[in-house]
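Only heavy atoms go into these numbers, but all of them, side chains included; no hydrogens, no water, no symmetry mates. Protein chains get the first letters and strands the later ones, always in sequence-line order, with residue 1 at the start of each.
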Amino acid sequence: MSSLLEVRNLVTEFAAKPDRPGLRAVNDVSFSLERGKVLGLVGESGSGKSVTGFSIMGLVDRPGKVTGGQILFDGVDLVGLDPDAMRRLRGRRIAMVFQDPMMTLNPVLSIRTQMVEAIHAHEDVSERTAHERARDALGQVGIPSPEERLASYPHEFSGGMRQRVAIAIALLHKPDLIIADEPTTALDVTIQSQIIAEFQTLAEVSNTAVIWITHDLAIVSRLADELAVMYAGRLVETGGVSEVLNTPRHPYTRGLIASVPSQNRRGERLRQIPGVSPNMADLPQGCSFRPRCDRALPGCLSVPPQVPEAGRSYRCINPVMEAQA
Amino acid sequence: MVTSLIRRTFQALIVLFAMTAIVFVGVNVIGNPVDILINPDANAAEKARVIAHFGLDKPLWEQYLRFLGGIVQGDFGTSFVYNKPALGLILERMPATLELAFTALFIALAVGLPLGLYAGLYPNRVSSKVIMSGSILGFSLPTFWVGLMLVLVFSVELGWLPSNGRGDTVELFGVRWSFLTGDGLRHLLLPAFNLALFKTSLVLRLTRAGVQEVLPQEYVKFARAKGLTERRVIFVHVLKNLMIPVITIVGLEFGSLIAFSVVTESIFAWPGMGKLIIDSINLLDRPVIVAYLMMMVVLFVVLNFVIEICYTLLDPRVRLNARD
Amino acid sequence: MTDLPVPSEDLPVHAEAPPARFRKRLRQFAESPGAVVGLIALAVIVLVAVLAPLISPQNPYDLMQLDIMDSRLPPGSQSFDGLPYLLGTDSQGRDILSGIFYGLRTSLMVGVVSAIAAAIIGTAAGLLAAYLGGRTETLLMRLVDLQLSFPTILMALMMLAVLGKGVINVVIALIIAEWATYARTVRATALVEREKEYIEAARCLRLPGWRILFRHLLPNCLASVIVIGTMQVARAIGLEATLSFLGLGASVTEPSLGMLISNGYQYLLSGLYWISFFPGIALLITIVAINLVGDRLRDILNPRNS
Ligand SMILES: Nc1ncnc2c1ncn2[C@@H]1O[C@H](COP(=O)(O)OP(=O)(O)O)[C@@H](O)[C@H]1O
Ligand SMILES: [Mg+2]
């Protein structure tokens with residue numbers, strides 16, 4: 001059986017504008033995802049995670065554009081798919097939840113309008129049916145008295161509640177794939193874990209595959225089956241969660257893990273990766289991580305190839321092979 | 001909501017009151033009513049009689065109270081020229097002006113909104129740049145000169161449209177209207193278009209600016225992510241947000257539309273309040289001037305009030321704040 | 001005062017030396033072709049207005065020079081004694097081109113005088129409101145709000161209704177109708193400045209009030225005053241033309257462009273377009289030129305861009 005989603009050598013570029021230079025936000029990215037599985041896409045802010053998600057949705061902002069590669073969704077290449085066919089996939093088979101719940105709902109439309117229109121976008125059902133489905137969806141994501149809440153406007157909800165509404169909208173059509181772009185980053189920690197738990201259950205029940213974008217390794221370790229680590233537009237390492245977390249091959253992945261505060265290293269100093277994240281418009285030659293890397297070799301001046309290893313891969317010519325301390 | 005309504009009403013009344021004082025001071029203190037009221041050739045006895053008749057020998061505060069009392073009863077005095085109550089004259093002419101102003105507003109919205117939307121959605125197209133340059137011209141061209149050119153081109157040279165008067169009218173609800181007859185409509189077209197020009201540019205620019213502000217918002221992207229058609233995204237999600245500033249400003253500008261109809265009415269001999277006030281200023285028909293000014297003040301205050309309410313209906317965020 | 005030796009010049013008002021900054025601004029200005037064209041057009045217009053008596057083919061208001069035989073001639077005609085009337089003549093045989101040259105004088109004069117006077121009054125009011133605060137501020141700003149909620153033309157009509165017709169009264173009406181715009185902007189700018197540290201410092205040094213006002217608050221408001229002022233000249237010229245067209249403005253002996261247009265109106269209906277048309281074009285070019293310059297000034301003097 002082929003994968004639900006297979007991204008091959010995806011390149012997404014932002015053309016230069018008078019006031020800013022052009023840049024390659026997603027650079028030669030390849031990964032695949034099975035039905036019902038959760039892929040954690042991690043990397044520091046600005047590394048191209050969101051743009052990867054929007055590329056799959058066909059929603060990259062102008063002047064950005066997918067300029068290379070393929071996005072095979074259930075065997076169909078989404079790159080260059082005609083706009084109406086793409087629209088019919090969006091929200092129905094591929095849904096997305098955004099980072100900031102305060103910004104994702106239209107302030108002047110009621111929750112009901114925003115949910116019912118999402119149903120009507122793909123299904124020709126009666127107003128009544130749509131209303132009932134919207135109400136039930138709200139109930140499912142744990143919003144109390146959903147019937148009354150339908151009439152409310154976004155500003156009458158807290159951030160956590162708004163994100164629940166967004167998740168309810170994303171789940172309306174039981175999509176095959178949900179792209180969750182840092183959906184809990186803007187929320188309180190307690191609400192974070194509630195939402196993650198609820199999300200997990202709902203995705204499992206409907207056998208929905210998830211791309212969970214985050215910069216928080218702790219969340220990923222709880223949630224994901226697979227892990228993809230992104231740095232400056234490139235995937236530097238992919239593989240099963242436990243493999244990557246236990247035996248990171250790429251020096252960046254290792255640095256990322258070392259900088260997470262976790263119980264087993266209590267008392268030990270957190271180790272920040274030295275240096276600063278690169279300017280996407282002016283990347284270092286070769287491996288973008290080279291200037292910050294303690295394992296850099298002269299060969300790193302050319303872009304390292306993707307090295308496959310049983311069930312995983314990494315882009316590094318001097319991978320970390322020794323056992324972790 | 002109710003408390004804020006009461007507060008607004010109260011504020012409106014204060015503004016009204018302040019304006020009566022300003023108009024009174026303007027007309028009776030800065031301008032000398034004796035000069036205006038009395039024929040320069042009149043003899044001393046006649047002068048004294050007129051002064052006594054209008055109470056001009058009384059202290060100012062008493063004159064003001066008298067003035068206020070008159071206003072409250074809708075009594076602004078009698079026009080020297082027409083020898084009719086000034087307020088009646090104004091009210092008689094008001095429908096013509098309102099008809100002109102509403103038609104102009106309609107044109108401004110019907111032309112400005114779609115063009116602004118287009119220019120905002122496709123900012124890089126040549127046609128959008130042409131539209132935007134056109135709107136700059138619309139701002140710079142003096143209204144009265146455009147009116148003359150419209151007359152020159154469409155009435156004199158081409159002979160397509162009439163250039164003066166209201167044409168045939170039909171009575172509806174006791175008021176005569178031009179827009180209900182073919183001939184009246186033809187008469188209405190040029191003046192309404194002339195009056196609309198400036199506001200069209202304004203609506204156009206506001207709409208374009210609004211589109212460019214709303215389009216990059218996350219909620220627009222989210223609406224697309226739901227699989228909505230582009231039509232629904234633009235005409236519901238973008239347009240509804242955009243209407244808030246547009247309605248507010250257009251509402252505020254409606255008053256200036258009525259004020260500017262003074263110019264258009266003079267060019268096209270449109271028998272509205274504007275033409276009346278110019279004639280009255282020229283003939284020093286003071287009661288009519290005062291009645292007009294007070295009507296305008298009332299109109300503006302009412303307008304601001306109505307906009308406030310529209311705003312509340314359009315924007316749920318304001319609605320909530322007003323409730324508590 | 002003299003026992004405090006700290007000169008206020010030490011307090012940072014301008015980061016750059018004025019000449020260098022001026023040259024930079026000039027360069028910025030030249031980057032926009034529209035603005036340069038506008039500036040050149042404006043220079044020509046001003047020159048023509050100033051030199052009108054010298055360069056006009058005739059003095060249109062010297063009745064001795066008018067020839068009724070030459071009345072209502074179309075553009076390009078020859079006069080009775082062989083002189084060309086480039087833009088035609090009006091009903092009294094007046095050369096339209098000369099009329100425009102002289103009309104520009106009146107229009108520009110009215111625009112500039114009213115804009116400058118309104119700027120001075122408005123700036124003073126805005127500065128005082130910001131500096132004094134309290135009741136004065138509330139009162140002044142309420143007045144400003146009240147006035148700005150009425151359209152300029154209505155304010156002007158109101159004033160003319162009170163003062164009577166005439167060009168001086170138009171200028172007064174324009175000043176009264178426009179000062180509030182300056183006052184609002186200047187107060188807003190000055191309020192921001194007032195909170196800054198150097199003003200605090202100046203207060204602590206107990207520099208006198210006028211010194212803080214004129215040396216610190218005023219220079220910082222000047223940019224916005226210049227920008228508003230430029231635009232306001234164009235608005236005033238347009239408004240004066242409108243009022244004159246309505247018969248409330250300039251006198252027959254000193255007609256502005258609006259008056260010329262108004263004079264030609266009755267002939268327009270019989271197809272003698274040039275009497276109104278050319279003065280209108282002159283008015284249009286003047287307004288557009290000023291607006292082009294003003295637009296650019298706004299872009300480069302905007303504090304956010306520098
Ligand atoms: N609309 C845009 N225009 C230009 N550049 C963009 C735009 N959106 C994102 N980028 C650039 O693409 C890069 C990746 O951004 P993003 O995918 O949002 O990062 P993150 O990993 O934090 O989600 C960043 O360098 C960002 O500057
Ligand atoms: Mg992101």
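Ring centroids of B:Phe106 and B:Phe102 are separated by 6.0 Å or more, keeping the two rings apart. The distance between the ring centers of A:Phe98 and B:Tyr219 does not fall below 6.0 angstrom.
With chain A as partner, the option from B:Lys221, B:Gln217, B:Glu230, B:Arg232 having the largest number of non-hydrogen pairs under 4.5 angstrom is B:Lys221. Interface summary for chain A: among B:Glu218, B:Lys226, B:Lys240, the most heavy-atom pairs under 4.5 angstrom belong to B:Lys226. For the set A:Arg87, A:His173, A:Met86, the entry with the most heavy-atom pairs within less than 4.5 Å of chain B is A:Arg87.
Donor-acceptor pairing under 3.5 Å is recorded for the side chains of B:Ser256 and B:Glu253.
For A:Gln99, no part lies near chain B; criterion is any non-hydrogen pair under 4.5 Å. Interface remark: A:Ile169 contributes side-chain atoms only to the contact with chain B (heavy atom separation under 4.5 Å). Heavy atoms closer than 4.5 Å to chain A are found in the side chain of B:Ile244, but not in its backbone. Of the atoms belonging to A:Ala166, heavy atoms from both backbone and side chain fall under 4.5 Å from chain B. Contacts of A:Met57 with chain B are made by side-chain atoms alone, with heavy-atom separations under 4.5 Å and no backbone atom involved.
With contacts defined as side-chain heavy-atom distances shorter than 4.5 Å, the pair A:Thr12/A:Phe54 does not qualify. Contact of the B:Ile258 side chain with the B:Leu98 side chain is registered, since non-hydrogen atoms from C-beta on lie closer than 4.5 Å.
A salt bridge links A:Arg35 with A:Asp74: the distance from a Lys NZ or Arg NE/NH1/NH2 to an Asp or Glu carboxylate oxygen falls below 4.0 Å.
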